[in-house]
Chemist: 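I'd like to ask you about the structure that follows.
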Amino acid sequence: MTLRLFFDEIRSNVAEICNKLGYAPTDFDITETSRPEFGDASCNIGFLLARSLKKRPFDIAEIISSEYNKIKGKFVLGVSAHDSGYLNFTANYSALAGHIITDSINSDYGKIDLGKNSKIVVEHTSVNPNKALHVGHVRNIIIGDVVSRILQKASYDVSVLNYVDDSGLQVADIIVGFKYGGYSDKPPEGQKFDHYCGDIVYVNITERYENDKSLAEKRTLILKELEEGKSDIAKFGDAITRRVLEEQLKTCWRLGATYDCLNFESQIIQSNLWNTIFEKMKSMNIIELEREGKNAGCWIIKGESEDDKVLVRSNGVATYIAKDIPYAAWKLGILDDPFFYKQYAIQKNNRILWETTLDNKDAKLKFSGERVITVIDSRQSRLQNIIKKIMNDFKSKENSYIHLGYESVTLSADTAKSLNLDTGGKSIQMSGRKGIYVNADYVLDILSAKTYEEAKKRNPDLDEIRLLQISEQVAIGALRYAMIKQDLDKLITFDMTESLSLEGDTGPYIQYAYARAMRILEKAEIMPKFDVVFDQLTSHEKELIKTIGKFDMQIEDAAKNLSPKTIAKYCYKMAVSFNAFYEHVKVLTAESESLKNTRLCLVYSFKETISKALHLLGIEAPDRM
RNA sequence: GGGCCUGUAGCUCAGCAUGGAUAGAGUGCUGGACUUCUAAUCCAGUGGUCAAGGGAUCGAAGCCCUUCGGGCCCGCCA
């Protein structure tokens, strides 16, 4: 068990005392203290009862404190009332530490049973397969990946989906480029195909539409063929998007993200799910046929506080948002599944990646869930809200469809300048179409190169392969952490120079703490013995134990609130606690063998826990760096 | 015009859901600590009318209202 033991014990004892004293039951909190001099936990019961008992919070705290001192309990060392009105508790670390330390070395330490093994779907990435991933996409991938890891740890049965919009306008653009724009479908030597499609073909063909109307007309025709899916153009489009997708996935995998299934939009269109959904919406009166006004003849969904939204045009053709509805319904398992599944790849972590097919010789599997989380940036909020409303009607349940939105990533003025854009000192929105972006692979390469130099300087004895491995891990740690540490509703202004910083509140800082711990364990040359009594602990050791003991509570918080940042903050807190311990408490040169063993237990427990926490962030920590 | 988000230290951000103790980090700047388990570290100092105003409360950075600043979205495009 964990620090929960301590909190739970206090909670039940305080409740019991209140009951004994005849106080009305209250919803009091047991929280961590705001400062160490107040002890380890505090209770606000004094404030809550002050009015009804007509007493000062302090007096109430004092009464409870004196009662509490009679029973004490296993994990509480001291209780006291503070002038402010709080009831404060000090933990009995020699009792707690043993539980926390021995538990922390179990492989499922931190696991909680929030999900009770229920099926949940997380969709993320879903980048149009006509370009390479840029840093904006990276935020989406990392948020989705981390959320799915957290949910898994919270005992949800998670399916991760990546939606491939292989029949949209953006794909049509590059097909125009290949078929009518004179671009070869072979990239120049040394350039990844996704980079070539995005950086050269897409950007240039979009620019050429301005002066070449016939080219722009071709695009409409090609879009139609892609949607119909039978022609040679459609087959060519399929081949191209699959080549781009393959390259995009390499970047995703490099970042440490993995998936369960790829869903192709073209197949959703061909499966005719739309008709089923359309009829269902009609019969449930979710949509209506507009008789008059600007939308006359269209099937619309009524806006509550916003304008009505057209789902089917007056010519009978469904709009863009309509394409998303069958997919959303499929994710929730509302429809009979028309798809079959075949293996696309086996990923690094041995997780099989499946893809949808319409070939009934392939396997039947299930990737839908009771709840669905769709990770898309908040510019899509309006459309996502419409889908959410429809899905909740279908399910007749709130919150079965969740749009996990986040603010986008913009480029700093300096970084924009490096792309030859003068923004007048302001940051700028990225745009694939206009070529305003920084590719993810590029950022990783630069970061990795810088880290390589650092690692080599510090570890002259390590060989080339090891150094490359370390620099790749640190580069990914730096980027992932930077994308996850702030709240989802904060805009990230990406600056190339700033992203190279490896100090302070960064991924590498945390990885470094792990490497330090590993070095101590390596040099100790013995496995610590865990059947020891943890007494005479210094404040740094207590702090470290306390932080280790909070892991499962942090996971609960993160899973309930779908807040990946919570785990990032926790990892940072762990590293800070360990670094303070490292600087102030000697392990290998401890005064006695038993003290050395006790401290080794702590170091071991730390490295076990931080690696599990970092794993939730998808960050690997090197043994040396 | 309507909708969503946001405003806390020079800069980047925690804290806000669930109000309560002297508002915290990182970075920057100033100084200090490597013959020591890796200084990608640690320690100290510096730095705040919590955008502004009002309200409810014993008590507000947090809740309610108003105003102001910033970002994004609002097509029978995708």
Side-chain angles (χ1 to χ4, degrees), chain A residues 27 29 31 33-35 37-38 42 44 46-48 50-51 56-57 82-86 88 128 165 167-172 220 223 290 294-300 303-307 309-321 323 377-383 385 405-408 410 427 429 451 454-455 457-459 474 478 485-493 495 498 501-513 515-524 560-561 565 569 572-573 575-576 579-580 582-590 599 603 624-625:
Chain A
D27 219 1
D29 275 333
T31 53
T33 55
S34 53
R35 339 180 123 255
E37 59 263 37
F38 299 143
S42 40
N44 63 345
F47 300 107
L48 301 179
R51 186 191 290 264
R56 288 163 56 211
H82 187 267
D83 289 341
S84 59
Y86 274 108
N88 290 333
N128 278 311
D165 183 359
S167 45
L169 207 54
Q170 296 203 20
V171 168
T220 318
L223 180 64
E290 189 67 84
K294 58 171 183 161
N295 294 332
C298 300
W299 284 91
I300 58 149
E304 276 162 9
S305 55
E306 294 186 278
D307 290 346
K309 185 73 197 168
V310 172
L311 289 189
V312 179
R313 302 178 179 95
S314 51
N315 66 4
V317 178
T319 59
Y320 160 75
I321 177 170
K323 284 196 201 171
D377 81 72
S378 47
R379 285 174 296 191
Q380 303 258 20
S381 289
R382 185 172 133 76
L383 297 181
N385 277 334
Y406 59 91
E407 286 295 323
S408 45
T410 63
S427 62
Q429 283 280 335
T451 317
E454 292 285 327
K457 213 165 28 185
R458 287 155 216 260
N459 300 282
V474 174
K485 74 166 173 172
Q486 52 277 80
D487 221 339
L488 301 182
D489 50 25
K490 281 308 197 288
L491 195 93
I492 294 182
T493 306
D495 183 84
E498 202 184 301
S501 155
L502 309 172
E503 288 164 19
D505 186 9
T506 63
Y509 172 90
I510 301 161
Q511 291 170 313
Y512 185 60
R516 282 178 140 184
M518 285 306 285
R519 202 63 165 146
I520 294 176
L521 294 168
E522 184 192 318
K523 291 200 169 171
K560 280 183 173 164
N561 296 307
K565 168 196 72 180
K569 296 271 166 226
Y572 179 67
K573 178 78 180 42
V576 168
N579 275 327
Y582 183 94
E583 295 283 342
H584 299 103
V585 183
K586 292 296 153 209
V587 178
L588 297 180
T589 53
R599 289 176 181 167
V603 174
R624 298 267 300 265
M625 65 182 275

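Note that these values count all heavy atoms, side chains included, but never hydrogens, waters or copies made by symmetry. Letters A, B, ... mirror the listed sequences (proteins, then strands); counts begin at 1.
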Chemist: Within the pair A:Arg379 and B:rC74, is there a side-chain N or O less than 4.0 Å away from OP1 or OP2?
Modeler: no
Chemist: Both distances below 3.5 Å, Watson-Crick or wobble geometry, any strand: find the nucleotide opposite B:rG7.
Modeler: B:rC68
Chemist: With a 4.0 Å limit, can you tell me whether A:Arg51 has a side-chain N or O closer than that to the phosphate oxygens OP1/OP2 of B:rU57?
Modeler: no
Chemist: Carefully, step by step, assess A:Tyr572 and A:Thr506 under the rule side chain to side chain contact (heavy atoms under 4.5 Å, CB included).
Modeler: CA-CA 8 Å; A:Tyr572 179 67; A:Thr506 63; over 6 Å; no
Chemist: Between CD of A:Glu407 and OG of A:Ser378, what distance do you get to the nearest 0.5 Å?
Modeler: 3.5 Å
Chemist: Less than 4.0 angstrom between a side-chain N/O of A:Arg56 and OP1 or OP2 of B:rG59, yes or no?
Modeler: no
Chemist: Record whether the side chain of A:Ser42 comes under 3.5 Å of the base of B:rA21 through a donor-acceptor pair of N or O atoms.
Modeler: yes
Chemist: Dump every N/O contact between nucleotides 12-15 of chain B and the protein below 3.5 Å, one line per pair.
Modeler:
residue: B:rC13; atom: OP1; partner: A:Leu491; partner atom: O; Å: 3.4
residue: B:rA14; atom: OP1; partner: A:Asp487; partner atom: N; Å: 3.0
residue: B:rA14; atom: OP2; partner: A:Lys490; partner atom: NZ; Å: 2.7
residue: B:rG15; atom: OP1; partner: A:Lys565; partner atom: NZ; Å: 2.8

Chemist: Compute the centroid of each ring, for A:Phe38 and then for A:Tyr86, and state whether the two points are separated by less than 6.0 Å.
Modeler: no
Chemist: Distance between the P atoms of B:rU46 and B:rA23, in whole angstroms?
Modeler: 14 Å
Chemist: Side chain of A:Tyr86 only, please: which of B:rA21, B:rU22, B:rU41 is the nearest?
Modeler: B:rA21
Chemist: Pick the P atom in B:rC5 and in B:rA17, then give their distance to the nearest Å.
Modeler: 16 Å
Chemist: With a 3.5 Å cut-off and just heavy-atom distances, do the side chain of A:Asn88 and the base of B:rA21 make a donor-acceptor pair?
Modeler: yes
Chemist: May I ask you to verify if any side-chain N or O of A:Arg382 is less than 4.0 angstrom from the OP1 or OP2 atom of B:rC4?
Modeler: no
Chemist: Across all strands shown, which nucleotide pairs with B:rC13 by Watson-Crick or G-U wobble geometry, both distances under 3.5 Å?
Modeler: B:rG24
Chemist: Please check: side-chain N/O of A:Arg599 versus main-chain N/O of A:Lys586, any donor-acceptor pairing under 3.5 Å?
Modeler: yes
Chemist: Under 3.5 Å, is there a donor-acceptor pair between the A:Gln511 and A:Arg516 side chains?
Modeler: no
Chemist: Relative to the 5' end of RNA chain B, which residue comes earlier, A:Tyr572 or A:Glu407, by the nucleotide with the nearest heavy atom?
Modeler: A:Glu407
Chemist: With a 4.0 Å limit, can you tell me whether A:Arg599 has a side-chain N or O closer than that to the phosphate oxygens OP1/OP2 of B:rC37?
Modeler: no
Chemist: Polar atoms only, N or O, under 3.5 Å: list the protein pairs with nucleotides 43-46 of chain B and their distances.
Modeler:
none

Chemist: Which whole-number value in Å describes the distance from A:Asn561 CG to B:rA17 C1'?
Modeler: 7 Å
Chemist: Who is the Watson-Crick or G-U wobble partner of B:rU35, with both distances under 3.5 Å?
Modeler: none
Chemist: Quick check: on RNA chain B, is the nucleotide nearest A:Val585 upstream (toward 5') of the one nearest A:Ser381, or the reverse? Name the residue that is more 5'.
Modeler: A:Ser381
Chemist: Under the 3.5 Å rule, do the base of B:rC76 and the side chain of A:Ser314 count as making a donor-acceptor pair?
Modeler: yes
Chemist: Given the P atoms of B:rA44 and B:rU49, what is the spacing between them in whole Å?
Modeler: 24 Å
